[in-house]
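Order of the sequence lines sets the chain letters (A, B, ...), proteins ahead of strands, with each chain counted from 1.
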Amino acid sequence: MVDPDNQLNSPFFSRNSTPFSAESDYTLLSPEAVSAFRKIIWQYYEANRREMAWRDTTDPYAIFVSEVMLQQTQVARVRAKYPEFMAAFPDFASLAAAPLEKVLRVWQGMGYNRRAKMLRDAAVMVMEEFGGCLPKTPEELVTLPGIGPATAASIAAFAYNAPVVFIETNIRRVFIHFFFPTEDKVHDDRIRPLVRQTLDWINPREWYYALMDYGAMAKQAVENPNRRSHGYTVQAAFDGSDRQIRGRVLRYLLDEGPSSRDAVVAACGDDAERTHKIILKMVGECLLSEESGLLRIA
DNA sequence: ATCCGGACAG
DNA sequence: CTGTCCGGAT
C-alpha cells in the first residue's frame, strides 16, 4: 500500500508497519493506531483550541445558525457575521417571522444567499412542524431545507453531544493526511470507517471540535490533503461569473428597493440577455419575485 | 490570479 | 453523478 522509501508526513506509516490491523484490510485500525491518533489530536487541541462563540453554547438554535453559516464559508467570516445575525434573530420564532429581505440584509457578505432563505424556511418548519423545538436526530434534521448529511450530523454532535459519524472538509483533511498519505482520489467511503473507529463516544462534541481545529491547521502546514480526495474539483473564477452577477442583483435590490427588471439588468451586467436569464433563475429559486412590473426580494 | 467550502437540482 | 451557488483572504 505504501512505498516504504517515500518520505511520509504521516507518523503512522514506516518501513515495516501501517496503522491498519491487517495488511490486506484498510478498514480496521489497530488499537495502537487509534490511541496514538487520538493522542495527537487531543494534544494539539489542548494547546490550540479555537475560540468560537457558537462553541460556548449548546442552544440548538445557536448551533443550527452557526452550522449553516459555516457551510462553504470560512470561520473568520462567520465569526464576523454571527453576533449580528444572532442579535437580529435570537431564536427560531424571530427568524421564522422575519421577512426574507430583512434576513438577506443581515446575511450580506456571507455569499450563497439561498442559504439565508433556506435557513429562514427551516426556522418556519421548526416552528410549524416541530413545535418550535429543533429535532435531535440527523434523520429528522435532514428533512429541513438547507440541512444535508454533514450539517445534520454536526448539529446532532454539537447541540446534543450525539456520537454520530460524519465527514466535512476539516475532518476529511485530517484522515487523508494521516491514513492515506500517498493515495489519490480517496473516497469518503474509505474515511468513514476510520472516523467511526476513532470517535470519542463519551465526548463526541469536543472530539469533533478537536478534529476540525487540527484539520484547519493542517491545510496551512502541508499541501492541502483534500486535493487528494475523490470529490476535489477546482472552481471556475469568480470574476465574470454568474455568481458575481447574482450577488450584484441582490445587492442592487436591497439598496434600491423594488425595481424594474430593465433597471436591474442595466445596473448589474454587461450582457443584458445573460443577466435576464440569471434574474429569471433567481425568481425560479424564490429568492426574487416579480409583480406588476417590479422585481423585488421574494 | 488562486484558494477555500456543503446542499441541491437537473 | 455533475454543475451550480458567493465573497473575502492571500
Side-chain angles (χ1 to χ4, degrees), chain A residues 52 63-82 84-85 103-122 125 138 141-158 164 166-174 176 185 187-189 191-192 208 211-213 215-254 268-269 274-275 277-288:
Chain A
M52 301 175 199
I63 307 278
F64 157 83
V65 169
S66 71
E67 287 302 324
V68 172
M69 286 188 161
L70 287 161
Q71 292 168 0
Q72 301 293 285
T73 306
Q74 275 122 331
V75 167
R77 271 161 64 204
V78 177
R79 274 203 177 109
K81 182 62 68 177
Y82 178 81
E84 182 190 350
F85 193 95
V103 180
L104 285 170
R105 202 174 287 286
V106 176
W107 192 263
Q108 270 187 302
M110 290 290 291
Y112 292 134
N113 297 296
R114 287 180 304 180
R115 283 184 300 164
K117 174 176 161 47
M118 290 191 284
L119 191 61
R120 201 273 317 259
D121 293 347
M125 196 165 153
L141 287 163
V142 289
T143 67
L144 298 169
I147 308 297
T151 307
S154 313
I155 292 171
F158 298 140
V164 290
F166 71 101
I167 297 174
E168 53 73 71
T169 189
N170 293 301
I171 297 170
R172 180 179 298 115
R173 178 158 37 235
V174 174
I176 292 179
K185 305 259 184 289
H187 282 69
D188 282 356
D189 288 349
I191 297 175
R192 200 165 287 104
Y208 278 120
L211 271 180
M212 289 175 174
D213 285 0
M217 173 276 291
K219 88 176 160 215
Q220 321 283 349
V222 299
E223 156 117 345
N224 190 352
N226 282 349
R227 292 177 182 216
R228 296 186 285 105
S229 84
H230 171 66
Y232 182 79
T233 53
V234 178
Q235 290 182 5
F238 178 63
D239 209 38
S241 67
D242 285 6
R243 304 195 312 284
Q244 184 179 43
I245 310 262
R246 289 170 60 102
R248 283 190 202 141
V249 168
L250 202 73
R251 200 166 310 121
Y252 183 88
L253 289 171
L254 285 173
C268 298
R274 179 182 173 207
T275 310
K277 278 186 183 161
I278 290 171
I279 290 171
L280 284 180
K281 191 168 177 191
M282 294 174 80
V283 172
E285 293 166 4
C286 295
L287 217 42
L288 309 181

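Distances shown here put every side-chain N or O of A/Y232 at or beyond 4.0 Å from the OP1 or OP2 atom of B/dG5. OP1 or OP2 of B/dC4 lies within a sub-4.0 Å distance of a side-chain N or O belonging to A/R227. Dashed line: the shortest gap from a side-chain N or O of A/R172 to OP1 or OP2 of B/dG6 is not under 4.0 Å. A sub-4.0 Å separation between OP1 or OP2 of B/dC4 and a side-chain N or O of A/N224 is present.
A distance-only check finds no donor-acceptor pair linking the side chain of A/S229 to the backbone of A/R227 [under 3.5 Å]. No donor-acceptor pair under 3.5 Å is formed between the side chain of A/Y232 and the backbone N or O of A/K185.
Of the candidate nucleotides B/dG5, B/dC3, B/dG6, B/dG6 has the atom nearest to the side chain of A/Q71. Between C/dG7, B/dG5, C/dT4, one nucleotide has an atom nearer to the side chain of A/K281 than all others, and that is C/dT4. Side-chain atoms of A/N226 lie closest to B/dG5 of the nucleotides B/dC4, B/dG6, B/dG5.
Rounded to an integer number of Å, the gap from A/L250 CG to C/dC5 P is 13 Å. Atoms CE (A/M282) and C1' (B/dC8) sit 16 Å apart, rounded to a whole Å. In this structure, A/F238 places its CZ atom 14 Å from C1' of B/dC4, rounding to the nearest Å. To the nearest angstrom, P of B/dG5 lies 15 Å from CE of A/M110. Following rounding to the nearest Å, A/R115 (CZ) and B/dG6 (P) show an atom-to-atom distance of 10 Å.
Residue ring and nucleobase are not stacked for A/Y112 and C/dC5 under a centre distance beneath 5.5 angstrom and an angle between planes beneath 30°.
Mapping A/R77 and A/P145 onto DNA chain B by nearest heavy atom places A/R77 at the nucleotide closer to the 5' end. Comparing A/Q74 and A/R114, the nucleotide of DNA chain B nearest to each residue sits closer to the 5' end for A/Q74. Across the interface with DNA chain C, nearest-nucleotide mapping of A/H230 and A/Q244 shows A/H230 to be the residue nearer the 5′ end.
Residue A/F166 is classed as having no contact, given no heavy-atom separation below 4.0 Å to the nucleic acid. At the heavy-atom level, A/T169 lies under 4.0 Å from the strands shown only through sugar-phosphate atoms.
Applying the 3.5 Å distance criterion, the base of B/dG5 shares a donor-acceptor pair with the side chain of A/Q235.
In this structure, the separation between OH on A/Y112 and CZ on A/R246 is 10.5 Å, given to the nearest 0.5 Å.
Residues A/R115 and A/W107 form a side-chain contact, since some pair of their non-hydrogen atoms from C-beta on lies under 4.5 Å apart.
Using a 4.0 Å cut-off between charged side-chain N and carboxylate O, A/R173 and A/E168 make no salt bridge.
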